[in-house]
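Chain naming here is simple, since letters A, B, ... match the order of the sequence lines and numbering starts at 1 in each. For clarity, every value in this text was computed on a predicted model and none was experimentally measured.
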Number of protein chains: 2
Amino acid sequence: MSTAQDTAGGETEPWEGVTPDAARRLLVAAVEAFAERGYHATTTRDIAGRAGMSPAALYIHYKTKEELLHRISRIGHDRALDILRTAARTEGSATDRLAEAVSSFVRWHAGRRTTARVVQYELDALGPEARAEILALRRQVDGEVRGIIEEGVASGEFDVIDVHGTTLAVLSLCIDVARWFNVDGPRTPDEVGALYADLVLRMVGAAKQAD
Amino acid sequence: MSTAQDTAGGETEPWEGVTPDAARRLLVAAVEAFAERGYHATTTRDIAGRAGMSPAALYIHYKTKEELLHRISRIGHDRALDILRTAARTEGSATDRLAEAVSSFVRWHAGRRTTARVVQYELDALGPEARAEILALRRQVDGEVRGIIEEGVASGEFDVIDVHGTTLAVLSLCIDVARWFNVDGPRTPDEVGALYADLVLRMVGAAKQAD
DNA sequence: GCCGAAGGTGAGCGCTCGCTTAGAGTGCCC
DNA sequence: GGGCACTCTAAGCGAGCGCTCACCTTCGGC
């Protein structure tokens, strides 16, 4: 069973299990291209080229360019949800679990920035059905974080007036890491995760953790 | 002279002064289209159509589609910087000024969401020169917020270890409002601004303001 | 050693893109 | 009232897009 610690920089990509090999290579190529240029600015020729294949080969494994994005988004959201669920179910106080949830979620957004960027920012390029499916996953993501905050409020650990609004702000803060994080910058994913966990505990009015 | 209060929902758009009339209509049309679909998914025919003109008319007022984005980004960043500067120069403690900066900045990102969305999320579509110009403005935005936080630390009002990281997080939180804010949602820009100001004061360890 | 399935390619179709051009309409200056 | 600058349009160019099609290669099963 995986621990949230897996989400640090060295994590294996979530599409390790995608088969056949060519389909996975195309998926990885698409993630890189979408992250660099955005979905609409990426051509199917570019994706196929990065995977070392001809433009036509893409259509053996995926019906459309949009299906590629849909698959990436689905797998990525599943992974993000898994990270939060793992953190939410660990032993400890609500304070401990919120810190673990934020730090592991942020580590993933920083360490797997290319993936996270596509997952979090290209949602609008999906068609109505695919978008509805992904939005359902997002509501579950929201629910996990809100659950921890509600428990902290109930136990008296947290001092939060607007639980929904605060949940939104916490998730927004974490997600936006995928926009600005720079792999060549001064901070490691672990450092940002630790900083953000501290900031979020302050936001919910939790007592300072033992150092 | 304008006060930060101008940034609430009823604010006039920053391109009021753009002339001639047709150039302004095209700019407004481009903002709406870029915000809805993204820069790359928007066609010049769509922009011209929204402005009630033929596709060719666009090129009388703008050399390229990218120039339109550049102009929007420039005007929008100038406005964002103006909001923060106004807040930073108001009378009062660092706590007061940080609260004012965050609430007015957030009000703008929520109330002028279409504009803010283009300004904050379509930067990568600009060419190298235009992007460099805009990035310089972003550094000034960063500097305004960092300045307030540094002053609060110096005066003992704030308890912040990592000033740069916290500045980044505060700005990130505010900017991401443009991604998720929904005009038809349950919160008004003023409400989100107030909530976020409170959350940010907690993040920097400021004493609770008098209610 | 032949066969069918699976996975690949080169060529290219139909379309839409950003942008250009030739020319028409309009109003202002002298 | 003639010339000119400005604004706009209809038509369309060349390029590149997502995607398809006819055909080729590889390989396990018998």
Below 3.5 Å, can you tabulate the donor-acceptor pairs from side chains in residues 169-177 of chain A to any protein atom, sequence neighbours excluded?
| residue | atom | partner | partner atom | Å |
| --- | --- | --- | --- | --- |
| Ser172(A) | OG | Asp176(B) | OD2 | 2.5 |
| Asp176(A) | OD1 | Tyr121(A) | OH | 3.0 |
| Asp176(A) | OD1 | Arg179(A) | NE | 2.8 |
| Asp176(A) | OD2 | Arg179(A) | NE | 3.3 |
| Asp176(A) | OD2 | Arg179(A) | NH2 | 2.7 |
| Asp176(A) | OD2 | Ser172(B) | OG | 2.5 |

*asked:* Would you compute the distance between atom CZ of Arg113(A) and atom CZ of Arg117(A) and round it to the nearest 0.5 angstrom?
replied: 4.5 Å

*Considering the terminal five base pairs at each end of the helix from dG1(C)-dC30(D) to dC30(C)-dG1(D), what angle separates the two local helix axes, rounded to 10°?*
10°

*Nearest 0.5 Å please: distance from the CZ atom of Arg131(A) over to the CG atom of Leu69(A).*
11.0 Å

*Can you check the Met53(B) CE to dA10(D) P distance for me, whole Å?*
12 Å

*Residues that Ala88(A) engages under side-chain contact (heavy atoms from CB on, under 4.5 Å), provided they are two or more places apart*: Glu144(A), Ile148(A)

*Identify, with sequence neighbours excluded, every residue that meets salt bridge (charged side-chain N to carboxylate O under 4.0 Å, His left out) alongside Glu133(A).*
Arg74(A)

*Which residue pairs satisfy the ring-ring contact (aromatic ring centres under 6.0 Å, His included) criterion with at least one member in residues 126-153 of chain B, sequence neighbours excluded?*
none

*Name the orientation class of the two ring planes belonging to His109(B) and Phe105(B) (parallel below 30°, tilted from 30 to 60°, perpendicular beyond 60°).*
perpendicular

_Does dA6(C) have OP1 or OP2 under 4.0 Å away from a side-chain N or O of His61(A)?_
no

_Checking Gln140(B) now: which residues fulfil side-chain contact (heavy atoms from CB on, under 4.5 Å) with it, not counting sequence neighbours?_
Leu81(B), Arg85(B), Leu137(B)

*For every nucleotide of nucleotides 10-23 of chain C, 5' to 3': is a protein heavy atom under 4.0 Å from its base (B), only from its sugar-phosphate (S), or from neither (-)?*
B-B----BBBBB--

*Those residues of residues 126-133 of chain A lying under 4.0 Å from DNA chain D by at least one heavy atom*: none

*Got a sec, which residues hit side-chain contact (heavy atoms from CB on, under 4.5 Å) with Pro20(B), two or more places apart in sequence or on another chain?*
Ala23(B), His61(B)

_Student check: side-chain heavy atoms of Ser73(A) and Leu126(A) closer than 4.5 Å_ = yes

Side-chain donor-acceptor distances from residues 27-40 of chain B under 3.5 Å, at least two apart:
| residue | atom | partner | partner atom | Å |
| --- | --- | --- | --- | --- |
| Glu36(B) | OE1 | Arg50(B) | NH2 | 3.1 |
| Arg37(B) | NH2 | Asp46(B) | OD2 | 3.3 |
| Tyr39(B) | OH | Glu66(B) | N | 3.2 |

*Set of side-chain contact (heavy atoms from CB on, under 4.5 Å) partners for Asn182(B), sequence neighbours left out*: Asp184(B)

_Sorted by number, the residues of residues 21-33 of chain A with heavy-atom contact under 4.0 Å to DNA chain C_ = Ala22(A)

*Mind checking the NZ-OH spacing from Lys65(A) to Tyr59(A)? Nearest 0.5 Å is all I need.*
8.0 Å

